[in-house]
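What follows is a set of notes on a single structure, which appears directly below.
Note on naming: letters A, B, ... go to the chains in the order of the sequence lines (proteins, then strands), and numbering restarts at 1 for each one. Since the structure is predicted, the reported quantities are computational estimates derived from the model, not experimental observations.
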Amino acid sequence: MPELPEVETVRAGVEKHVVGRTVATAAVLNPRAVRRDLAGPDGFAAAMAGRTFLRAERRGKYLWFTLGCPPDVGSDAPTEALLAHLGMSGQMLVLPPETPLSPHVRARFTFTDGGPDLRFTDQRTFGHLMLVEMCLPDDLSRAVPEPIVHIAPDPLEDAFDPKVFTERLLGKKTQVKRALLDQSLISGIGNIYADEALWRAKLHWARPTDTLKRSEISRLLDAVCDVLTEALKAGGTSFDALYVNVNGESGYFDRSLNAYGREGEPCGRCATLIRRESFMNRSSYSCPRCQK
DNA sequence: ACTCCCCCCTGTTAGC
DNA sequence: TGCTAACAGGGGGGAG
């Protein structure tokens with residue numbers, strides 16, 4: 001599942017292959033891929049033609065490409081971006097134009113240089129694309145696409161402030177894992193890395209946030225940063241491939257997981273068997289001894 | 001205003 | 001063997 005490390009891997013890969021190139025044609029093969037774009041499939045496709053990919057950026061699990069305008073559009077037009085979320089199964093494939101379309105290609109961009117296509121491929125269609133305006137959030141920290149101004153900074157970006165996070169966390173009346181998954185509080189963490197960070201910090205997922213000590217929050221943040229950084233390092237080895245392929249389930253970081261998906265296997269610290277508990281109609285994995 | 005939960009979707013797998 | 005049901009889970013939006 002694409003969480004921050006996987007999305008960053010995709011961002012870096014796409015940056016390498018499409019920045020500086022100009023879209024010749026855009027085609028939406030499944031309208032659901034642009035369901036959040038008010039212009040609809042035809043409007044989206046028409047508006048993307050002639051645009052130049054300028055920069056590839058990311059916050060949490062969202063990535064976007066700032067766009068240059070065609071020459072006939074005034075340079076004072078607001079900065080726009082192609083915003084993407086990979087959902088559960090989204091991929092950004094860079095492939096030669098003659099490559100046959102796989103059944104799950106949802107949107108396709110060809111380029112004026114005749115080079116490789118960009119194909120948004122998404123088996124389960126939880127991901128989406130939209131053409132949006134950039135805007136500055138209230139704290140003026142960093143320009144982001146308008147639809148994601150409510151998404152908090154992720155722990156690996158400069159705009160992330162541990163003090164702000166700590167105070168907001170302490171003010172919440174919820175469980176610590178719910179808070180980690182709340183993208184408006186801290187972004188980029190999904191079910192896998194939440195369990196991994198909680199295991200490293202020796203905290204149980206159901207711990208009420210308003211009972212956390214500041215030292216525990218600090219430990220948790222360190223664990224979050226460590227696990228995301230290590231996973232990013234492991235996932236970053238595929239940058240040189242011609243296409244950028246992300247499949248969280250077969251990712252390189254699998255071997256390094258200490259809790260997630262390891263029900264019945266021994267804890268790496270104390271050898272107690274890892275347990276699985278139901279949580280929000282999903283699974284939470286933890287060590288019964290280390291994470292009381 | 002805040003928290004919680006359902007639902008969107010499809011391929012794989014477990015179970016009867 | 002063949003079918004159904006559970007499961008994977010990000011996040012919007014509505015209910016409470």
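- Shown here are the ring pair (Phe, Tyr, Trp, His ring centres under 6.0 Å) partners of Tyr285(A), two or more places apart in sequence or in another chain: Tyr260(A).
- Rounded to whole Å, atom C1' of dC7(C) lies 14 Å from atom CD1 of Ile192(A).
- Listed by chain and number, the residues in a side-chain hydrogen bond (donor to acceptor under 3.5 Å, both in side chains) with His204(A) are Arg275(A), Glu277(A) (sequence neighbours excluded).
- Here Thr211(A) pairs with Arg207(A) under the side-chain hydrogen bond (donor to acceptor under 3.5 Å, both in side chains) rule; sequence neighbours left out.
- Taking atom CZ of Arg35(A) as the reference point, atom P of dG10(C) lies 15 Å away to the nearest angstrom.
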Do any side-chain atoms of residues 38-50 of chain A form donor-acceptor pairs under 3.5 angstrom with protein atoms, and if so which ones, sequence neighbours left out?
none

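- When only modelled atom types and interatomic distance are considered, Ser284(A) and Lys177(A) share a side-chain donor-acceptor pair under 3.5 Å.
- The CG atom of Asp154(A) sits 16 Å away from the C1' atom of dG10(C) (whole-angstrom rounding).
- Shown here are the salt bridge (charged side-chain N to carboxylate O under 4.0 Å, His left out) partners of Asp182(A), two or more places apart in sequence or in another chain: Lys172(A).
- By the 30° and 60° cut-offs, the orientation of the rings of Phe53(A) relative to Phe109(A) is perpendicular.
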Only distances under 3.5 Å count here; give the side-chain donor-acceptor pairs of residues 218-229 of chain A to other protein atoms, sequence neighbours excluded, each with its distance to 0.1 Å.
unit_1	atom_1	unit_2	atom_2	d
Arg219(A)	NE	Ala201(A)	O	3.0
Arg219(A)	NH2	Ala201(A)	O	2.7
Thr229(A)	OG1	Cys225(A)	O	2.6

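- When hydrophobic residues (I, L, V, M, F, W, Y) are linked wherever their side-chain heavy atoms come within less than 4.5 Å, the members clustered with Met130(A) are Tyr62(A), Trp64(A), Leu83(A), Val132(A), Met134(A), Val144(A), Ile148(A), Val149(A), Ile151(A).
- If you check every strand for non-hydrogen atoms under 4.0 Å, Arg106(A) touches nothing.
- A nucleotide of DNA chain B counts as in contact with chain A when one of its atoms lies under 4.0 Å from a heavy atom; the first and last such, 5' to 3', are dT3(B) to dG11(B).
- In the helix from dC2(B)-dG16(C) to dC16(B)-dG2(C), the terminal helix axes, each the rotation mapping four pairs' C1' atoms onto the next four within five end pairs, subtend 60°, rounded to 10°.
- Each salt bridge (charged side-chain N to carboxylate O under 4.0 Å, His left out) pair with one or both residues in residues 18-34 of chain A, not counting sequence neighbours, appears once here: Arg21(A)-Asp113(A).
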Report task. Would you mind building the protein contact string for nucleotides 11-16 of chain C? One character per nucleotide, 5' to 3', B for base within reach (heavy atoms under 4.0 Å), S for sugar-phosphate only, - for untouched. Result -> BSS---
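- For the pair Ser283(A) and dC7(C), the criterion of a side-chain N or O lying under 4.0 Å from OP1 or OP2 is not met.
- With sequence neighbours left out, Thr110(A) forms a side-chain hydrogen bond (donor to acceptor under 3.5 Å, both in side chains) with Thr25(A).
- Nearer the 5' end of DNA chain B, as judged by each residue's closest nucleotide, is the contact made by Asp182(A), out of Asp182(A) and His104(A).
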